[in-house]
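What follows is a single structure, written as structure tokens, with notes after it.
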Number of protein chains: 2
Amino acid sequence: MYICFMYSSELIKGTLKTIVLNLLKDNDKMYGYEITQKVKEMTSEKIQITEGALYPTLHALEKHGDVITEKVYIGKRVRKYYRLTDQGKKTVQERVNELADFMNTMRFLLDLDTSPGNV
Amino acid sequence: MYICFMYSSELIKGTLKTIVLNLLKDNDKMYGYEITQKVKEMTSEKIQITEGALYPTLHALEKHGDVITEKVYIGKRVRKYYRLTDQGKKTVQERVNELADFMNTMRFLLDLDTSPGNV
DNA sequence: TTTCTACACCTAAATTTCTTAGGTATATAT
DNA sequence: ATATATACCTAAGAAATTTAGGTGTAGAAA
């Protein structure tokens, strides 16, 4: 069964940082707009990161030392690329592990283990 | 590998209503304090619902018509039992389905399908 | 008999996180 | 010309939760 609408926003709360960090783990460097498009594409538009949520999050990650930035000019247009620091790579692992563990706990709590592969 | 600390609070955000509703689906009637203890026990203390979060949530569910209440006196002490309404039963299904679908999407997004059973 | 812990309900201010709703500007297609 | 896509950003408000209380009963320990 395919569910083709966005998730209610409450669910996505708390996972944004993890999503962003994990994308950066797999893609070396990315810019903000690219991240929103990539997530939208990978999730069939079920998760759409708003820019109002993304940019403050990216700035917080930079402030925390998990990412560093690099500005690149495409003609006159600016792109700000984000890249994981060594510390950021540790943070990704911690966060992804925690989320994975949390989801296992939730699967148990909600008794969802009967059908794990219904994507 | 066992992880024996509480999840960072951000992760739990947005799942509280679903947890509560699902417990009521399986237990016919429960009171607030009982819910906090049951979740703590079932998750080996990894998820601890605070009362400051729980009671407002229960009141919201009642206001929405998903649960009805019943006061029971144990001696002079009051217990307020919560029970799903018919509408509440529908709400549970919707929310649990959505969360299950969301978790599948997250598993794909974070590439976690390699080890699904490491509880 | 005081005192500590568990039980059992509750609220309210502050915090965090996100949505909504803008603003600025370039590049390209219609 | 105008609309859409690209690309960055901020700030007010909303929503959910944390933190930090308050009230009181019941039972065990000291």
Side-chain angles (χ1 to χ4, degrees), chain A residues 5-21 23 29-41 45-64 67 69-82 95 99 102, chain B residues 5-21 23 29-41 45-64 66-67 69-82 95 98-99 102:
Chain A
F5 41 80
M6 274 196 67
Y7 299 119
S8 65
S9 57
E10 321 163 70
L11 281 184
I12 304 173
K13 292 193 181 187
T15 58
L16 181 56
K17 248 177 205 163
T18 309
I19 291 173
V20 170
L21 286 169
L23 273 183
K29 66 174 182 177
M30 295 182 88
Y31 55 98
Y33 187 75
E34 187 186 10
I35 292 173
T36 64
Q37 299 307 303
K38 186 74 178 172
V39 171
K40 191 168 142 187
E41 176 210 318
E45 308 200 357
K46 286 192 283 192
I47 297 179
Q48 290 183 35
I49 298 178
T50 61
E51 300 190 342
L54 179 64
Y55 289 114
T57 296
L58 286 170
H59 301 161
L61 287 173
E62 187 179 14
K63 203 171 171 183
H64 246 263
V67 298
T69 61
E70 172 198 356
K71 278 186 186 170
V72 174
Y73 285 84
I74 309 296
K76 283 181 178 174
R77 215 153 52 178
V78 184
R79 273 185 197 163
K80 201 164 158 189
Y81 278 99
Y82 290 83
R95 284 196 163 263
L99 181 52
F102 175 69
Chain B
F5 41 80
M6 272 196 68
Y7 299 120
S8 65
S9 57
E10 320 164 71
L11 281 185
I12 305 171
K13 293 191 182 190
T15 58
L16 181 56
K17 249 177 206 162
T18 308
I19 291 172
V20 170
L21 286 169
L23 272 183
K29 66 173 182 176
M30 295 181 87
Y31 56 98
Y33 187 77
E34 187 186 12
I35 292 174
T36 65
Q37 299 307 302
K38 186 74 179 171
V39 170
K40 191 167 141 185
E41 176 210 320
E45 307 199 358
K46 287 190 283 191
I47 297 179
Q48 290 184 35
I49 298 177
T50 61
E51 300 191 341
L54 179 64
Y55 289 114
T57 296
L58 285 170
H59 301 161
L61 287 174
E62 187 180 14
K63 204 171 171 184
H64 242 263
D66 286 320
V67 298
T69 62
E70 172 196 358
K71 277 186 185 172
V72 175
Y73 284 84
I74 310 295
K76 283 182 181 174
R77 216 153 51 176
V78 184
R79 273 185 196 164
K80 201 165 159 190
Y81 278 99
Y82 290 83
R95 283 195 163 264
E98 192 187 5
L99 181 52
F102 175 70

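Chain identifiers are assigned alphabetically (A, B, ...) following the order of the sequence lines, protein sequences preceding nucleic acid strands; residue numbering begins at 1 within each chain.
- Residues satisfying the side chain to side chain contact (heavy atoms under 4.5 Å, CB included) test with Lys71(B), not counting sequence neighbours, are Val78(B), Lys80(B).
- Atoms OH (Tyr73(B)) and P (dG24(D)) sit 14 Å apart, rounded to a whole Å.
- Residues meeting the salt bridge (Lys or Arg N to Asp or Glu O under 4.0 Å) test with Glu70(A), sequence neighbours left out: Arg83(A).
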Pairs under 3.5 angstrom, nitrogen or oxygen only, protein versus nucleotides 28-30 of chain C, please.
none

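- In terms of the side chain to side chain contact (heavy atoms under 4.5 Å, CB included) criterion, residue partners of Gln37(A) (sequence neighbours excluded) are, by chain and number, Tyr33(A), Lys40(A).
- Under the side-chain hydrogen bond (donor to acceptor under 3.5 Å, both in side chains) criterion, Gln48(B) pairs with no residue, sequence neighbours left out.
- With sequence neighbours excluded, the residues that form a side chain to side chain contact (heavy atoms under 4.5 Å, CB included) with Lys17(A) are Thr57(A), Leu61(A), Arg95(A).
- Atom CD1 of Ile47(B) and atom P of dT17(D) are 12 Å apart (whole Å).
- dA8(C) atom P lies 14 Å from atom CG of Leu54(B), rounded to whole Å.
- The side chain to side chain contact (heavy atoms under 4.5 Å, CB included) search around Lys13(B) returns none, not counting sequence neighbours.
- Residues passing the ring-ring contact (aromatic ring centres under 6.0 Å, His included) test with Tyr82(B): none are found, sequence neighbours excluded.
- End-to-end axis angle of the helix from dT1(C)-dA30(D) to dT30(C)-dA1(D), from C1' rotation axes over five pairs per end: 0° (rounded to 10 degrees).
- A search for salt bridge (Lys or Arg N to Asp or Glu O under 4.0 Å) contacts involving Arg79(A) returns nothing, not counting sequence neighbours.
- Val20(A) is not listed as a side-chain neighbour of Val67(A), based on a closest heavy-atom distance of 4.5 Å or more.
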_Generate the contact string for nucleotides 4-9 of chain D. Rules: B means base contact, S means sugar-phosphate contact only, - means no protein heavy atom under 4.0 Å._
-BBSBB
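- The nearest whole Å value for the distance from the CD atom in Gln48(A) to the C1' atom in dT19(C) is 13 Å.
- The number of heavy-atom neighbours closer than 6.0 Å to NE2 of His59(A), taken from other residues, nucleotides and ligands shown, is above 12.
- Each of Ala53(A) and Gly75(A) was matched to the nucleotide of DNA chain C holding its nearest heavy atom; the match closer to the 5' end belongs to Ala53(A).
- Distance, Ile12(A) CD1 to dT17(C) C1': 13 Å, rounded to whole Å.
- If you measure from atom CD1 of Ile49(B) to atom P of dA8(C), you get 16 Å, rounded to the nearest angstrom.
- Atom-to-atom, NZ of Lys13(B) to P of dT15(C) comes out at 13 Å; the value is rounded to the nearest Å.
- Residues meeting the side-chain hydrogen bond (donor to acceptor under 3.5 Å, both in side chains) test with Thr69(B), sequence neighbours left out: Glu62(B).
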